[in-house]
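Report on one structure; see the data block that follows.
Nothing fancy with the numbering, it's 1 onward along the sequence. Just follow the structure's listing: the first ligand is 1, and inside any ligand the first atom is 1. Below, each value reflects all heavy atoms present in this structure, side chains not excepted, and no hydrogens, waters or symmetry copies.
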Amino acid sequence: MAHVLRYCHREKIPTFVLGKGSNVLFDDRGFNGCVILNRVEFIEPGQENLFRAGAGVGFNTLGILTARLGFTGLEFASGIPGTVGGAVFMNAGAHGCETGDVVDSVEIVTAEGTSRTLTRDNGELAWSYRTSPFQQMEGLAAIVAATFKLDKSGDARKRQLTFMDSRRQTQPITAKTAGCVFRNPGGGQPSAGALLDQLGLKGLSIGGAQVSEKHANFLVNTGSATCEDIRVLIDEVKKRVKEKTEVELHEEIRYVPHGYSSQQ
Ligand SMILES: Cc1cc2nc3c(=O)[nH]c(=O)nc-3n(C[C@H](O)[C@H](O)[C@H](O)COP(=O)(O)OP(=O)(O)OC[C@H]3O[C@@H](n4cnc5c(N)ncnc54)[C@H](O)[C@@H]3O)c2cc1C
């Protein structure tokens, strides 16, 4: 990956690192550059409850594996259909837990192709709701691995299965979606999904894009949705929510424009 990144940097070719694409929306014209599909896949159990995983490992896989081995901290990852790199970049979370809670260190490659490790102990990893230090990091090209610090627990597997079950009941996990579209507004407001539900927006559709009937914060591609359909539906939903509740919704999903020039 470092070799490809160095080449693209030298040739001034824009790059976009893709995990499983479970939270991105590409422009209908595609991406005018090089999409690097991250498949750095390995899992190394270390000492002191540490697990080092390649950024291309399925986050779901890591969540299930660690819970099965009797470690707590990543049960919430089960059912999140992204990669470790995507989860670190997005600070993915569920059931009151976030990726950043259990990250000990992150290995990255810069646009020039050099490697660097950022650690919790050195205060280099500051997280907040769906926000990681990598989203604004100057010169970042790719996350290549992350090390997680977990704790031993007798009921981790049970908790992981409960989380997975609740996900099956409440989310359209077999539909074509890109996960939750809006960040929760916070400040004592209901979740984005609950707000949309209260306003009767479930089922609202534009072209092939539809607000999920199962969970209103998911937009479903019913078969023929274009990126434009999804974007128009997002704008329509935001407009209606603002008109009725004064709440300004912001996207969690990441739109990748045709002329995107670096990690944004
Ligand atoms: C059914 C469903 C359920 C979901 N449930 C949840 C949930 O409960 N909680 C939650 O937080 N999210 C959820 N998501 C959203 C999504 O799965 C997560 O955000 C996930 O972490 C994204 O990982 P990914 O590998 O697919 O990233 P992608 O969608 O491929 O990329 C997302 C962003 O991360 C960047 N990125 C990815 N990998 C790297 C890397 N190695 N280096 C640098 N940048 C990188 C990309 O450039 C992009 O900007 C859900 C999605 C779906 C479809």
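Each of Leu140, Val144, Thr114, Val88 was scored for a side chain to side chain contact (heavy atoms under 4.5 Å, CB included) with Ile108, with one residue passing: Leu140.
In summary, the atoms of ligand 1 found under 4.0 Å from a heavy atom of Phe16, numbered by their order in the structure, are 46 (C), 47 (O), 48 (C), 49 (O). Those atoms of ligand 1 that come under 4.0 Å of a heavy atom in Gln171, given as number and element, are 3 (C). Interface of Ala92 with ligand 1, defined as ligand atoms under 4.0 Å from a residue heavy atom, comprises 10 (C), 11 (O), 21 (O). With ligand atoms numbered from 1 in the order given, ligand 1 contributes 3 (C), 4 (C), 5 (N), 6 (C), 7 (C), 8 (O) to contacts under 4.0 Å with heavy atoms of Arg167. Distances below 4.0 Å separate heavy atoms of Ala142 from the following atoms of ligand 1: 42 (N), 43 (C). Ligand 1 places these atoms under 4.0 Å from at least one heavy atom of Asn38: 41 (N).
Between Phe71 and Phe148, the distance from one ring center to the other does not fall under 6.0 angstrom. You'll find the ring centres of His95 and Phe76 outside the 6.0 Å limit. Residues Phe182 and Phe218 keep their aromatic ring centres 6.0 Å or farther apart.
Considering each of Ser132, Gly82, Ala77, the one bringing a non-hydrogen atom nearest atom 23 (O) of ligand 1 is Gly82. When the heavy-atom distances from atom 45 (C) of ligand 1 to Phe89, Phe59, Tyr129 are ranked, the shortest goes to Phe89. Of the candidates Pro172, Gly179, Gly86, it is Gly179 that places a heavy atom closest to atom 53 (C) of ligand 1. Between Phe76, Phe163, Phe218, it is Phe218 that holds the heavy atom closest to atom 1 (C) of ligand 1. Nearest residue to atom 20 (C) of ligand 1 from Ala146, Ser22, Ser212 is Ser22 (criterion: closest heavy atom).
Heavy atoms of Glu98 stay at 4.0 angstrom or farther from ligand 1. Under a 4.0 Å heavy-atom criterion, Arg130 is in contact with ligand 1. Within the 4.0 Å heavy-atom shell around ligand 1 one does not find Cys180.
Looking at Arg231 and Tyr255, their side chains do bring a donor and an acceptor atom within 3.5 Å of each other. A donor and an acceptor atom, one from each side chain of Gln160 and Ser78, are located under 3.5 Å apart. Looking at Thr119 and Asp121, their side chains never bring a donor and an acceptor atom within 3.5 Å of each other. Between Asp229 and Thr226, the side chains place a donor N or O and an acceptor N or O closer than 3.5 Å (distance only, hydrogens not considered).
The distance criterion of under 3.5 Å between nitrogen or oxygen atoms is not met by Gly79 with respect to ligand 1. The shortest N/O to N/O separation between Asn91 and ligand 1 does not fall below 3.5 Å. The shortest N or O to N or O distance between Gly93 and ligand 1 is under 3.5 Å.
At a 4.0 Å heavy-atom cut-off, ligand 1 touches Lys20 through backbone and side chain alike.
Rounded to the nearest 0.5 angstrom, Asp151 CG and Thr72 OG1 are separated by 7.0 Å.
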